[in-house]
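Since the structure comes first, as structure tokens, the remarks are kept for the end.
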Number of protein chains: 2
Amino acid sequence: MEKELQVLEDYIAQNNLKITRQRRAVLNAFAKCEEHVSAEELYRIVAETEPRIGLATIYRTLALLTQSGLASELDFGDGQKRYEHKFMHSHHDHMICTECGKIIEFSHPIIEKLQEEVAKRNGFAITSHKLDIFGVCGDCR
Amino acid sequence: MEKELQVLEDYIAQNNLKITRQRRAVLNAFAKCEEHVSAEELYRIVAETEPRIGLATIYRTLALLTQSGLASELDFGDGQKRYEHKFMHSHHDHMICTECGKIIEFSHPIIEKLQEEVAKRNGFAITSHKLDIFGVCGDCR
DNA sequence: GTTGCTGCAAAGTGTTTGCACCCTG
DNA sequence: CAGGGTGCAAACACTTTGCAGCAAC
């Protein structure tokens with residue numbers, strides 16, 4: 001968390017931006033909150049300590065976090081974006097339970113390697129990828 | 001295309017629904033149009049031969065096609081759903097060029113198998129999955 | 001004291017829905 | 001001729017933006 005604040009402050013310093021109470025509050029909430037938050041969820045959390053904050057500020061700050069490399073956007077196709085920690089949280093993919101919404105993270109180096117192979121075979125340079133598996137988790141079966 | 005109309009008519013017959021000029025027009029356009037159409041795109045195509053059609057009808061018919069198993073919904077995270085042929089078009093994944101928007105389809109049985117493995121290891125029963133690779137295609141490099 | 005930031009409300013975007021009329025079966 | 005289908009417009013859900021006042025540097 002100290003490191004994250006540092007990353008954000010560096011980014012802010014390098015771009016002639018300002019550190020504000022609200023930005024700190026959002027970062028704080030984001031840092032300690034569960035993975036895969038939506039803007040709305042984060043808004044409710046931040047509002048507990050910062051009741052006058054507007055939803056727009058959450059969106060703007062999340063954009064900032066994404067640009068600074070602290071967060072990454074996720075889209076599980078349910079009509080709203082979600083955000084997860086990127087800082088010190090290495091790449092992984094997701095298994096989403098369609099019953100209870102639980103999300104299991106996993107990573108599989110061999111799958112990644114095979115993707116690289118397919119891409120190369122097609123003259124395609126990968127910048128990112130996402131693999132989402134939908135199904136029913138152990139608890140819901 | 002004849003077969004697709006048949007599938008749709010069967011589905012319609014089994015569900016007390018009706019075949020209309022508009023539905024035929026949408027299916028027609030969908031059948032001959034390129035992969036990964038958005039509702040808006042399909043609307044413009046259908047409107048050429050059926051100028052009085054409403055966008056809502058496109059959405060409703062696409063839902064129908066999805067339910068009947070002729071189409072499947074895609075979401076590349078750009079804020080709009082896309083649809084592709086499902087009938088006689090086996091499963092595959094997508095490589096999306098972020099420069100020109102081109103989409104390369106591929107399928108990789110070993111990747112699929114590995115996914116099954118990870119799922120099983122987590123007590124997770126897969127119903128579907130999607131793997132999207134983003135990057136730059138050969139033409140754009 | 002500049003210049004960027006905030007809250008608010010309004011505008012946007014893609015999609016869905018309510019309703020009166022129309023058409024298929 | 002009954003019940004589903006259509007077009008239209010309004011409603012929706014999520015996100016972005018314009019603006020006047022506010023606060024960081």
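So that the names make sense, note that chain A is the first sequence line, chain B the second, and so on, each numbered from 1. The shown structure was predicted, so the numbers you read here are calculated from the model rather than taken from an experiment.
- Nucleotide dG5(D) holds its P atom 9 Å from the CG atom of N16(B), rounded to whole Å.
- Between the CG atom of D78(B) and the P atom of dT15(D) there is a distance of 14 Å, given to the nearest Å.
- Look at CG on L65(B): it is 15 Å from C1' on dG5(D), rounded to the nearest Å.
- Taken to the nearest 0.5 Å, the CD1 atom of I96(B) stands 12.0 Å off from the NE2 atom of H129(A).
- Closest approach to the I19(B) side chain among dC25(D), dA9(C), dG25(C) is made by dG25(C) (side chain taken as heavy atoms from C-beta onward).
- If you check dC25(D), dG7(D), dG7(C) against the side chain of T57(B), the one that comes closest is dG7(D).
- The structure places CE of M95(B) at 12.0 Å from CZ of F134(B), a figure rounded to the nearest 0.5 Å.
- For the pair E9(A) CD and dC25(D) P, the computed distance is 8 Å after rounding to whole Å.
- With distances taken from any side-chain atom of R60(B) to the nucleotides dT6(C), dT15(C), dC8(D), the minimum falls on dC8(D).
- Within the 3.5 Å criterion, the main-chain N or O of F30(B) finds a donor-acceptor partner in the side chain of H85(B).
- Judged by distance alone, with hydrogens and angles left aside, the side-chain atoms of R141(B) form a donor-acceptor pair with the main-chain N or O of G123(A) at under 3.5 Å.
- A donor-acceptor distance shorter than 3.5 angstrom exists from the side chain of H92(A) to the backbone of S90(A), with no hydrogens or angles considered.
- Separating the OH atom of Y11(A) from the C1' atom of dG4(C) is a distance of 14 Å, rounded to the nearest angstrom.
- Of the candidates dC8(C), dT6(D), dT17(C), the closest approach to any side-chain atom of A56(B) belongs to dT17(C).
- Atom CG of L8(A) and atom P of dC5(C) are 11 Å apart (whole Å).
- Residue whose closest nucleotide on DNA chain C sits further toward the 5' end, between T20(B) and Y59(B): Y59(B).
- Checked against dT15(D), dT6(D), dC8(C), the side chain of Q22(B) finds its nearest nucleotide in dT6(D).
- One interatomic measurement links the two molecules: NZ of K18(A) to P of dG21(D), which rounds to 17 Å at whole-angstrom precision.
- Rounded to whole angstrom, the span from the CG atom of L74(A) across to the P atom of dT15(D) amounts to 12 Å.
- Note that the OG1 atom of T20(A) and the CD1 atom of I12(A) stand 7.5 Å from one another [nearest 0.5 Å].
- Of the two residues contacting DNA chain C, namely K81(B) and R21(B), the nearest-nucleotide position lying further toward the 5' end is that of K81(B).
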Could you give me the CA-CA distance, side-chain angles and deciding distance for H36(B) and E105(B), then say whether side-chain hydrogen bond (donor to acceptor under 3.5 Å, both in side chains) is met?
CA-CA 11 Å; H36(B) 320 114; E105(B) 300 184 348; 3.2 Å; yes

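- Here dG4(C) is the nucleotide among dG4(C), dG7(D), dG3(D) with the atom lying nearest to any side-chain atom of L17(A).
- Here the side chain of R23(B) is nearest to one of dT15(C), dT6(D), dG4(C), namely dT6(D).
- Contacts between residues 40-53 of chain B and DNA chain C, counted as heavy-atom distances below 4.0 Å, involve no residue at all.
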